[in-house]
Amino acid sequence: NAGVTQTPKFQVLKTGQSMTLQCAQDMNHNSMYWYRQDPGMGLRLIYYSASEGTTDKGEVPNGYNVSRLNKREFSLRLESAAPSQTSVYFCASSVAGGSTEAFFGQGTRLTVV
Amino acid sequence: GQQVMQIPQYQHVQEGEDFTTYCNSSTTLSNIQWYKQRPGRHPVFKIQLVKSGEVKKQKRLTFQFGEAKKNSSLHITATQTTDVGTYFCAAYNDMRFGAGTRLTVKP
């Protein structure tokens with residue numbers, strides 16, 4: 001039982017490059033989330049998907065796009081990476097919104113140079 | 001969305017001392033969840049509180065939800081080195097997290 005799987009685990013990008021962070025869960029959860037974590041800033045919500053076919057902006061959506069490909073997969077895309085996007089990115093999922101516990105992936109450490 | 005303020009930001013204790021972190025909101029919360037994140041790892045769910053005045057215990061950890069459902073606390077009795085990490089609260093709505101309290105324990 002893998003839970004929430006994120007790929008890649010580490011990535012270095014040059015400013016202006018694009019990339020997609022992948023996330024998949026095998027728990028049949030309805031809701032999925034993308035967070036970024038910076039030192040001293042806690043976890044900040046980028047985008048979330050309450051259910052398959054819907055996506056909504058969180059606290060810090062600028063510079064990112066998301067796709068809920070199906071119930072299992074929720075990807076995060078950086079179209080033109082900037083050094084300010086250097087962070088650790090976590091994907092999470094839950095059965096139904098914030099009323100049930102969230103399960104997190106192992107994280108992607110992204111550095112933009 | 002609902003904002004939660006968490007204090008203190010950092011806490012350093014001697015092993016065996018108690019530790020408390022607080023989560024405060026200006027609005028009434030539907031529920032509150034607590035997570036623990038060990039250094040270099042991902043956050044892991046600890047507990048959810050739903051009812052006004054609710055108190056739940058997990059061994060040396062005690063979680064409380066305020067009567068007005070605007071604040072919550074996590075208290076650890078007699079800390080151990082295994083308690084090291086950052087403790088986050090998260091408010092229902094769209095799963096926004098507090099900034100966390102980073103706990104370090106000196107053996």
Side-chain angles (χ1 to χ4, degrees), chain A residues 2-7 9-10 21 23 25 27 29-51 54-61 66 68 74 87-110, chain B residues 1-12 21-25 27-51 54 56 58 63 65 69 72 74 85-104:
Chain A
V4 179
T5 302
Q6 288 183 236
T7 55
K9 287 185 171 52
F10 301 93
L21 279 64
C23 176
Q25 51 91 10
M27 295 174 283
H29 285 172
N30 292 304
S31 302
M32 297 185 74
Y33 315 83
W34 277 105
Y35 293 91
R36 60 177 288 173
Q37 186 172 36
D38 304 300
M41 297 292 290
L43 292 155
R44 291 186 292 170
L45 184 65
I46 305 172
Y47 271 94
Y48 66 100
S49 171
S51 61
T54 68
T55 59
D56 286 285
K57 294 179 181 180
E59 302 169 80
V60 289
V66 291
R68 184 74 183 265
F74 188 38
S87 188
V88 179
Y89 291 84
F90 287 102
C91 176
S93 70
S94 66
V95 171
S99 61
T100 56
E101 68 180 280
F103 293 81
F104 283 78
Q106 298 295 319
T108 296
R109 186 173 294 275
L110 175 67
Chain B
Q2 296 169 336
Q3 298 295 324
V4 287
M5 303 301 294
Q6 206 172 339
I7 55 172
Q9 188 175 1
Y10 301 97
Q11 186 76 57
H12 178 72
T21 175
Y22 301 90
C23 197
N24 299 302
S25 170
T27 59
T28 302
L29 303 172
S30 301
N31 67 18
I32 197 152
Q33 298 177 350
W34 286 91
Y35 292 77
K36 178 184 179 181
Q37 184 178 27
R38 295 180 186 274
R41 302 295 302 276
H42 60 281
V44 175
F45 175 83
K46 297 294 291 181
I47 210 157
Q48 176 171 278
L49 304 172
V50 179
K51 299 177 182 178
E54 189 170 14
K56 288 188 177 180
Q58 291 179 348
F63 303 85
F65 204 6
K69 299 182 73 173
S72 181
L74 158 59
T86 301
Y87 293 85
F88 294 98
C89 60
Y92 175 62
N93 192 23
D94 50 10
M95 283 299 290
R96 295 191 180 191
F97 283 70
T101 296
R102 182 178 174 185
L103 172 66
T104 55

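Hydrogens, waters and symmetry mates are skipped; everything else that's a heavy atom, side chains included, is used. Numbers restart at 1 for each chain; the letters A, B, ... are given by sequence-line order, proteins then strands.
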Visitor: How about CZ on B:F45, more than 12 heavy atoms from neighbouring residues, nucleotides or ligands closer than 6.0 Å, or not?
Guide: yes
Visitor: Working to the nearest 0.5 Å, report the span between OH of A:Y33 and CZ of B:R96.
Guide: 12.5 Å
Visitor: Between A:E101 (side chain only) and B:K46 (backbone N and O only), is there a donor and an acceptor less than 3.5 Å apart?
Guide: no
Visitor: Below 4.5 Å from any heavy atom of chain B, which atoms of A:S31 appear? Answer side chain, backbone, both or neither.
Guide: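 Contact with chain B is absent: no heavy atom of A:S31 under 4.5 Å.
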Visitor: Based on non-hydrogen pairs under 4.5 Å, which of A:R44, A:R109, A:Q37 is most in contact with chain B?
Guide: A:Q37
Visitor: Contact part of A:F104 toward chain B, heavy-atom cut-off under 4.5 Å: side chain, backbone, both or neither?
Guide: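 The answer is both parts of A:F104.
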Visitor: What's the spacing between B:F97 CZ and A:Y35 OH if we round to 0.5 Å?
Guide: 4.5 Å
Visitor: Among A:G42, A:A92, A:A102, which residue has the highest count of heavy-atom pairs closer than 4.5 Å to chain B?
Guide: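 Maximum pair count with chain B is reached by A:A102.
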Visitor: Quick check on B:Q37 against chain A: is it the side chain, the backbone, both or neither that has a heavy atom closer than 4.5 Å?
Guide: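 Contact with chain A involves the side chain of B:Q37 alone.
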Visitor: Heavy-atom count check: over 12 atoms from other residues, nucleotides or ligands less than 6.0 Å from B:R102 CZ?
Guide: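 Open: at most 12 neighbouring heavy atoms sit under 6.0 Å from CZ of B:R102.
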